[in-house]
Amino acid sequence: MKKKAEWPRKLRSQEWYGGTSRDVIYHRGWMKNQGYPHDLFDGRPVIGILNTWSDMTPCNGHLRELAEKVKAGVWEAGGFPMEVPVFSASENTFRPTAMMYRNLAALSIEETIRGQPMDGCVLLVGCDKTTPSLLMAAASVDLPSIVVTGGPMLNGYFRGERVGSGTHLWKFSEMVKAGEMTQAEFLEAEASMSRSSGTCNTMGTASTMASMAEALGMALSGNAAIPGVDSRRKVMAQLTGRRIVQMVKDDLKPSEIMTKEAFENAIRTNAAIGGSTNAVIHLLAMAGRVGIDLTLDDWDRCGRDVPTIVNLMPSGKYLMEEFFYAGGLPVVIKRLGEAGLLHKDALTVSGETMWDEVKDVVNWNEDVILPAEKALTQSGGIVVVRGNLAPKGAVLKPSAATPSLLVHRGRAVVFEDIDDYKAKINDDNLDIDETCVMVMKNCGPKGYPGMAEVGNMGLPPKVLKKGITDMVRISDARMSGTAYGTVVLHTSPEAAVGGPLAVVKNGDFIELDVPNRRLHLDISDEELAQRLAEWQPNHELPTSGYAWLHQQHVQGADTGADLDFLKGCRGSAVGKDSH
């Protein structure tokens with residue numbers, strides 16, 4: 001257990017607010033124009049509430065209300081709360097993809113923390129990229145920080161059927177293409193998909209990353225699953241505000257919580273919940289910011305023997321609302337501990353160990369959180385496959401895949417990029433059937449740019465009309481955590497930098513062997529070498545702005561797709577005064 005820091009002591013904010021010098025009066029005096037009494041600057045913890053609220057980030061549209069509850073908790077604990085709007089990368093609205101801006105958000109928020117008088121931070125997040133970007137920033141600065149998420153939406157229903165955000169979007173879209181649903185019915189279903197404030201109600205990326213924050217120990221126990229409109233979400237926000245003040249007094253920092261053991265706990269938790277493949281990229285990037293050596297091999301090693309026991313879409317049938325009522329993530333973590341799959345002594349933001357937080361929780365619904373013997377899949381987690389097509393690895397989510405396709409050999413049908421795919425996929429003359437392997441190139445971190453969620457390529461109508469709902473698909477792209485199918489993603493090195501994916505041709509045969517972790521292009525080594533030697537890039541290169549910076553410095557998916565100059569170093573949290 002961490003030894004608590006001496007209290008009282010001089011805090012970082014006193015570099016701005018403590019004393020009677022001209023510089024201090026400059027900082028403190030301007031703050032008083034908002035009506036703050038003088039004694040608020042007496043050395044008590046100043047808490048930055050980093051709020052990713054935005055009208056254009058609908059998942060986070062209710063965070064202003066939660067921020068007020070966080071403030072109440074900070075005031076109650078004797079702190080001084082200051083709400084700070086920060087970069088909000090919306091999955092729903094950002095083009096070309098929110099992933100392109102995760103690193104920009106992390107960079108800007110890191111400097112927001114470093115350059116201002118905060119002693120501790122509450123990371124108020126929700127939508128997919130907001131959680132990892134703020135955690136990356138907090139890890140880089142290493143001030144006491146705690147996560148509170150906005151929570152998932154309530155269940156959707158359409159004609160008596162549960163509707164999962166994202167998952168049913170893909171399902172209904174394929175039904176329209178197959179002639180099983182009319183466009184008018186699709187539009188009718190739209191109204192039922194998002195019936196309350198909050199993030200995706202499936203185990204999509206937002207719910208997964210909320211779970212990852214909790215499994216890492218960076219959020220209070222029970223935070224991940226409380227619905228966004230449930231009054232208990234407000235209680236969680238207020239308790240988080242109280243807790244961050246004590247964290248500052250104890251000097252409890254992210255680097256003491258986000259250890260290698262904590263990341264292994266998170267990887268195993270991701271396997272148990274059937275979490276998003278996007279968690280791979282985000283946890284690799286977060287670990288890099290803390291200086292933890294986390295690799296794709298750790299993902300395969302830690303997740304391989306963990307059964308998927310959370311029966312939620314897209315892998316199962318329920319939604320986050322039922323998951324909360326069943327007991328939420330603490331029940332899952334307790335199960336891991338009972339199975340010997342948890343580092344029980346890992347420290348959390350509560351100041352207690354992970355095991356102490358969960359050891360007494362109860363599972364209230366064993367159809368939602370399943371017994372191990374009834375798991376959706378006995379070998380869950382994220383599978384990492386390698387071979388001559390993916391020398392640095394590619395990932396697949398077995399709990400969302402078709403078991404019969406996990407060992408498959410098929411003829412490649414190649415799309416050079418997402419535009420090529422869109423131009424060809426609905427053409428009845430496309431030479432494709434259900435035995436083929438769909439391959440898409442130039443959608444990785446540099447290629448798209450930003451690595452969009454287009455890897456779960458919809459099947460061609462001519463195949464869907466046969467009643468086929470899944471095919472093997474391979475790309476260097478990502479896919480939404482709400483999506484499903486036998487989809488190989490994050491193929492590294494990506495096509496845009498001359499990885500083997502770039503030289504796959506129509507008619508090549510590809511072998512996928514998930515049990516043996518193999519992805520192989522069936523051509524000779526000599527033929528592959530010749531193709532790679534003749535390859536020329538054909539993706540568009542940006543010439544200015546952040547897009548140019550991203551293109552020049554983004555790393556591969558296999559290491560987290562962070563910017564190369566940001567990984568593995570923490571800078572000083574106190575800057576020089578310029579006045």
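If you read the sequence from its start, that first residue is 1, and numbering goes on from there.
The salt bridge (charged side-chain N to carboxylate O under 4.0 Å, His left out) contacts involving residues 26-43 comprise Asp42-Arg44, where partners must be two or more places apart or lie in separate chains. Here side-chain hydrogen bond (donor to acceptor under 3.5 Å, both in side chains) pairs that include residues 219-228, with residues two or more places apart or in two chains, are Thr149-Asn223, Asn223-Arg233.
With rounding to the nearest 0.5 angstrom, the OH atom of Tyr546 is 9.5 Å from the OG atom of Ser108. With rounding to the nearest 0.5 Å, the separation of CD in Glu68 from CG in Asn51 is 9.5 Å. With rounding to the nearest 0.5 Å, the separation of CE in Met320 from OH in Tyr325 is 12.0 Å. Of the inter-residue distances, the one linking Lys129 atom NZ with Ser90 atom OG reads 9.5 Å to the nearest 0.5 angstrom. Atom CD1 of Ile49 and atom CE of Met118 lie 10.0 Å apart (nearest 0.5 Å). Atom CG of Leu541 and atom NZ of Lys446 lie 9.0 Å apart (nearest 0.5 Å).
Under the ring pair (Phe, Tyr, Trp, His ring centres under 6.0 Å) criterion, Tyr17 pairs with Phe41, sequence neighbours left out. For Ser21, there are no side chain to side chain donor-acceptor pair (under 3.5 Å) partners, not counting sequence neighbours. Taking the salt bridge (Lys or Arg N to Asp or Glu O under 4.0 Å) definition, one finds that Lys392 meets it with nothing, sequence neighbours left out. In terms of the side chain to side chain donor-acceptor pair (under 3.5 Å) criterion, Gln552 has no residue partners (sequence neighbours excluded). By the salt bridge (Lys or Arg N to Asp or Glu O under 4.0 Å) test, Lys260 pairs with Asp298, sequence neighbours left out. Annotation: salt bridge (Lys or Arg N to Asp or Glu O under 4.0 Å) contacts of Glu321 (sequence neighbours excluded): none. Applying the salt bridge (Lys or Arg N to Asp or Glu O under 4.0 Å) test to Asp345 and every residue at least two apart in sequence or in another chain returns nothing. With sequence neighbours excluded, no residue satisfies side chain to side chain donor-acceptor pair (under 3.5 Å) with Gln551. Scored by the side chain to side chain donor-acceptor pair (under 3.5 Å) test, Asn60 finds Thr52 as partners (sequence neighbours excluded).
When each of Arg102, Arg289, Gln555 is checked for a side-chain hydrogen bond (donor to acceptor under 3.5 Å, both in side chains) with Asp562, only Arg289 meets the rule. Just one of Val395, Ile267, Asp300, Leu296 meets the side chain to side chain contact (heavy atoms under 4.5 Å, CB included) condition when paired with Ile382; it is Val395. Of the residues listed (Asp476, Ile281, Leu489), the one engaging Met451 in a side chain to side chain contact (heavy atoms under 4.5 Å, CB included) is Ile281, and it is the only one.
Other residues, nucleotides and ligands place no more than 12 heavy atoms under 6.0 Å from the NZ atom of Lys69. Residue Glu83 places its CD atom among more than 12 non-hydrogen atoms of other residues, nucleotides or ligands, all under 6.0 Å distant. The 12-atom threshold is exceeded at CD of Gln34, counting heavy atoms of other residues, nucleotides or ligands nearer than 6.0 Å. Surrounding CZ of Arg95 are at most 12 heavy atoms belonging to other residues, nucleotides or ligands under 6.0 Å away.
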Could you list the donor-acceptor pairs under 3.5 angstrom formed by side chains in residues 120-128, with sequence neighbours left out?
| unit_1 | atom_1 | unit_2 | atom_2 | d |
| --- | --- | --- | --- | --- |
| Asp128 | OD1 | Ala206 | N | 3.3 |

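Proximity of a side-chain donor or acceptor of Ser492 to a complementary backbone N or O of Gly556 within less than 3.5 Å is not detected. With hydrogens and angles ignored, the 3.5 Å screen pairs a side-chain donor or acceptor of Arg9 with a backbone N or O of Lys249. Remark: the backbone N or O of Thr202 is paired with a side-chain donor or acceptor of Ser207 at under 3.5 angstrom.
In the model, Glu357 has a side-chain atom that pairs as donor or acceptor with a side-chain atom of Ser350 under 3.5 Å.
Classification of the Tyr36-Phe80 ring pair by plane angle, with boundaries at 30° and 60°, yields perpendicular.
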*I would like to know whether Leu134 and Val147 meet side-chain contact (heavy atoms from CB on, under 4.5 Å); could you show each step before the answer?*
CA-CA 9 Å; Leu134 266 68; Val147 170; over 6 Å; no
*Just do the side-chain contact (heavy atoms from CB on, under 4.5 Å) check on Leu66 and Val148 with the steps written out, would you?*
CA-CA 9 Å; Leu66 285 185; Val148 61; 5.5 Å; no
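Of all heavy-atom pairs between His62 and Gly228, the closest is CD2-O, 3.8 Å. Contact record, Ile369 with Ala326: CD1-CB, 4.0 Å, taken as the closest heavy-atom pair.
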